[in-house]
Amino acid sequence: MDTFLTSSLTPTSSESSFIESHIGADVRDLALRLKAAEDFRPKYVLQQIAGRQAMRRKMPVWAENPRIVYPVHLSVEQCSSEATANYKRGIVERFCTDISGKMFADLTGGFGVDFSVMSARFSKAFYVERNADLCAIAEHNFKALGIENHSIVNGDGADFIKKSGEHFGVVFIDPARRDSAGGKTVHVQDCEPNILDFQDVLMTKTDIAIIKLSPMLDISECLLRLKNIREIHVLAVDGECKEMLVVLTAEKNDDEPKIFAVNDSQIFSFLRSREQNCAAKIAGRVSEGMYLYEPNAAIMKAAPFNLLSECFSIRKVARNSHLYVSTDLVDDFPGRTFRIVRVGSVKDFKNIEKANIAVRNFPLRADELRKKLKIKDGGDVYIFATTLFDGSKVLMETGKV
């Protein structure tokens, strides 16, 4: 247990003053200089400063509330951002009619960000968490945020849902993706709690279950192991895949699950069967003046590579090179768009001082290619190294559209 929980969750006046005056400080540097005092808890103070700094990026509305208390770094690190929490709430509101007359349960409460956003408007919401420290912090923070109609349950989420006599409109689960040694896990069966052990019971207790899984998990594994899947959402924020959400429904669904690739405001939805039955068009040439398209992170994970060619009337530069070209500009492509300035070999690109480098289906890594070309990172020039339809290895100098 965190030692500060044995005394008080809230800071003393001296601790509060110190936190406010050092809110932008380097926490590691501060830790070396901070010494304990009678009414001063160094670990607590550092934890609060680090937590608020992290939440400025993730959940600004929490960071702006001086009454919020922060747990250990891992719990803050693992919590959702405002963008992904709001996206989950959108799923809830789309699937769950008459929210005000139903109940919600978060079986893996954690720091409580998802709970605080998703539980709004339900008649009652249950926050379930094994860790007693997190339960105490959640109780404090929910009051600070003015969240009502909630119950804190210090216990195992799987046990809670098995023993509960209630029926829920929505149940949310964000299982831990770390093993006993602290290493990251990916597979569904390796998460804790293991949803496979109680998914049958779960779906008798709720209308909808939303499972948050690792973005590294293969979608095929989800489809193989989880039942009654209605939708799969791959969420990316600022070009980085953050999570995969699987929506299960109690009602058996014979329709094929829909997959959503979401990167900030860019959303591309598709059926896997359509992707598998679609043949991508391959570019017979790549030349100066053409537009080049790079799929966003969510697309790269969800992999509707053939459908992109069909839906946007663009051509892949090669079957296994996930870059696309067109002669006319496509405005709504789910990714970044560039204009090709020139196409050549490695030897043709040694006169550029600074550029951003990306590789797609190319024998060298980006750092290896940068070293070979002796090019500094950054600037307005973007170089893509790839393999074309005829097997040739080329570099394309481009400018962002």
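Residues: numbered from 1 along the sequence shown. Heavy atoms only: backbone and side chains are in, while hydrogens, waters and symmetry mates are out.
Checked by atom type and distance alone, the side chain of Gln199 never pairs as donor or acceptor with a backbone atom of Leu226 at under 3.5 Å. Judged by distance alone, the side chain of Glu221 and the main-chain N or O of Val188 form a donor-acceptor pair under 3.5 Å. A distance-only check finds no donor-acceptor pair linking the side chain of Ser392 to the backbone of Leu388 [under 3.5 Å]. Using modelled atom types, no side-chain atom of Asn141 and backbone atom of Ile68 make a donor-acceptor pair closer than 3.5 Å. Gln48 places a side-chain N or O within 3.5 Å of a backbone atom of Tyr70 that can act as its donor or acceptor partner. Asn356 contributes a side-chain N or O that, together with a main-chain N or O of Val381, makes up a donor-acceptor pair within less than 3.5 Å. Not one N or O on the side chain of Arg225 forms a donor-acceptor pair closer than 3.5 Å with the backbone of Gln189. Listed for the Glu166 side chain is no donor-acceptor partner under 3.5 Å among the backbone atoms of Met103. Between the side chain of Asn154 and the main chain of Arg130, a donor-acceptor pair closer than 3.5 Å is present. Checking side-chain atoms of Glu129 against main-chain N and O of Gly110 turns up a donor-acceptor pair under 3.5 Å.
Remark: Asp207 engages Lys102 in a salt bridge, criterion side-chain N to carboxylate O under 4.0 Å. Taking 4.0 Å as the cut-off between side-chain N and carboxylate O, Lys58 and Glu77 do not count as a salt-bridged pair.
Note: Leu202 CG to Ile195 CD1 = 5.0 Å, rounded to the nearest 0.5 Å. Residue Asp348 holds its CG atom at 11.0 Å from CD of Glu397, rounded to the nearest 0.5 Å. Atom CD1 in Ile49 sits 9.0 Å away from atom CD in Glu20 (nearest 0.5 Å). The structure places OG1 of Thr108 at 10.5 Å from CG of Asp156, a figure rounded to the nearest 0.5 Å. Rounded to the nearest 0.5 angstrom, Gln276 CD and Leu271 CG are separated by 10.5 Å. The distance from atom CE of Met203 to atom CD1 of Ile161, rounded to the nearest 0.5 Å, is 10.0 Å.
Annotation for Asn351: atom CG counts as buried by contact number, over 12 foreign heavy atoms lying within 6.0 Å. The number of heavy atoms from other shown groups lying within 6.0 Å of NZ (Lys393) is above 12. For Arg319, the CZ atom is loosely surrounded, since the number of other residues' heavy atoms within 6.0 Å does not exceed 12. The environment of Asp328 atom CG is sparse: at most 12 non-hydrogen atoms of other residues, nucleotides or ligands sit within 6.0 angstrom.
Residue Phe260 is tested with Phe270, Tyr87, Phe268 for a side chain to side chain contact (heavy atoms under 4.5 Å, CB included); the sole match is Tyr87. When each of His233, Glu93, Glu243 is paired with Lys88, the side chain to side chain donor-acceptor pair (under 3.5 Å) condition holds for Glu243 and for no other.
Here the closest non-hydrogen pair linking Ile210 and Phe172 is O-CD1, 3.2 Å. Across all their heavy atoms, Gly101 and Ser123 have their closest contact at C-OG, 4.1 Å. Leu308 and Pro334 make their closest contact through CD2-CG, 3.9 Å (heavy atoms, listed as atom of the first residue, atom of the second, distance). Closest non-hydrogen pair, Phe389 versus Ala283, comes out as CD2-O, 3.0 Å. Nearest heavy-atom pair, Ile19 versus Pro11, reported as atom, atom and distance to 0.1 Å: CD1-CB, 4.4 Å.
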Pair Ser80-Lys212, side-chain hydrogen bond (donor to acceptor under 3.5 Å, both in side chains): steps then yes or no:
CA-CA 10 Å; Ser80 291; Lys212 176 181 171 181; 3.3 Å; yes
Candidate pair Lys163 and Asp159, rule salt bridge (charged side-chain N to carboxylate O under 4.0 Å, His left out), full reasoning
CA-CA 6 Å; Lys163 296 174 182 177; Asp159 289 342; 5.0 Å; no
Evaluate Glu15 against Arg41 for salt bridge (charged side-chain N to carboxylate O under 4.0 Å, His left out), listing each step before the verdict.
CA-CA 8 Å; Glu15 288 171 341; Arg41 296 165 290 176; 2.9 Å; yes
Worked verdict on Glu231 versus Arg94 for side chain to side chain contact (heavy atoms under 4.5 Å, CB included):
CA-CA 12 Å; Glu231 295 177 351; Arg94 182 160 51 84; 2.8 Å; yes
Between Ser309 and Asn306, does the side-chain hydrogen bond (donor to acceptor under 3.5 Å, both in side chains) criterion hold? Intermediate values first, please.
CA-CA 5 Å; Ser309 175; Asn306 294 337; over 6 Å; no
Could you go through Leu213 and Val246, starting from their C-alpha distance and side-chain angles, then the distance that decides it, and tell me whether this counts as side chain to side chain contact (heavy atoms under 4.5 Å, CB included)?
CA-CA 8 Å; Leu213 296 169; Val246 183; 3.9 Å; yes
Steps toward side chain to side chain contact (heavy atoms under 4.5 Å, CB included) verdict (Ser164, Phe126):
CA-CA 11 Å; Ser164 177; Phe126 293 84; over 6 Å; no
Val92 and Arg121: side chain to side chain contact (heavy atoms under 4.5 Å, CB included), yes or no, with the steps?
CA-CA 11 Å; Val92 168; Arg121 295 177 52 206; over 6 Å; no
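Proximity of Leu248 to Thr206: side-chain heavy atoms (C-beta onward) are nowhere separated by under 4.5 Å. Considering only heavy atoms from C-beta on, Met244 comes within 4.5 Å of Ile219 through its side chain. Considering only heavy atoms from C-beta on, Ile91 stays 4.5 Å or farther from Ile208 through its side chain.
Checked against side-chain contact (heavy atoms from CB on, under 4.5 Å), Leu364 has the following partners two or more places apart in sequence or in another chain: Phe362, Glu368, Leu369, Lys372. Residues forming a salt bridge (charged side-chain N to carboxylate O under 4.0 Å, His left out) with Glu310 (at least two apart in sequence, or on another chain): Arg274. Shown here are the side-chain contact (heavy atoms from CB on, under 4.5 Å) partners of Ser75, two or more places apart in sequence or in another chain: Pro71, Val72, Leu134. Phe198 is linked by a ring-ring contact (aromatic ring centres under 6.0 Å, His included) to nothing, counting only residues two or more places apart in sequence or in another chain.
With 3.5 Å as the limit, one finds no donor-acceptor pair spanning the side chains of Ser81 and Lys242.
The side chain to side chain donor-acceptor pair (under 3.5 Å) contacts involving residues 286-298 comprise Gln266-Asn296, Arg285-Ser287, Tyr291-Arg339, Tyr293-Ser326, Glu294-Arg336, Glu294-Arg360, where partners must be two or more places apart or lie in separate chains.
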Solution key, residues 59-67 side-chain donor-acceptor pairs under 3.5 Å, sequence neighbours excluded:
unit_1, atom_1, unit_2, atom_2, d
Asn65, OD1, Arg67, N, 2.9
Asn65, ND2, Ala144, O, 3.3

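A ring-centre distance under 6.0 Å is not found for Phe305 and Tyr324.
Between Phe104 and Phe122, the ring-plane angle classifies as tilted under the 30° and 60° cut-offs.
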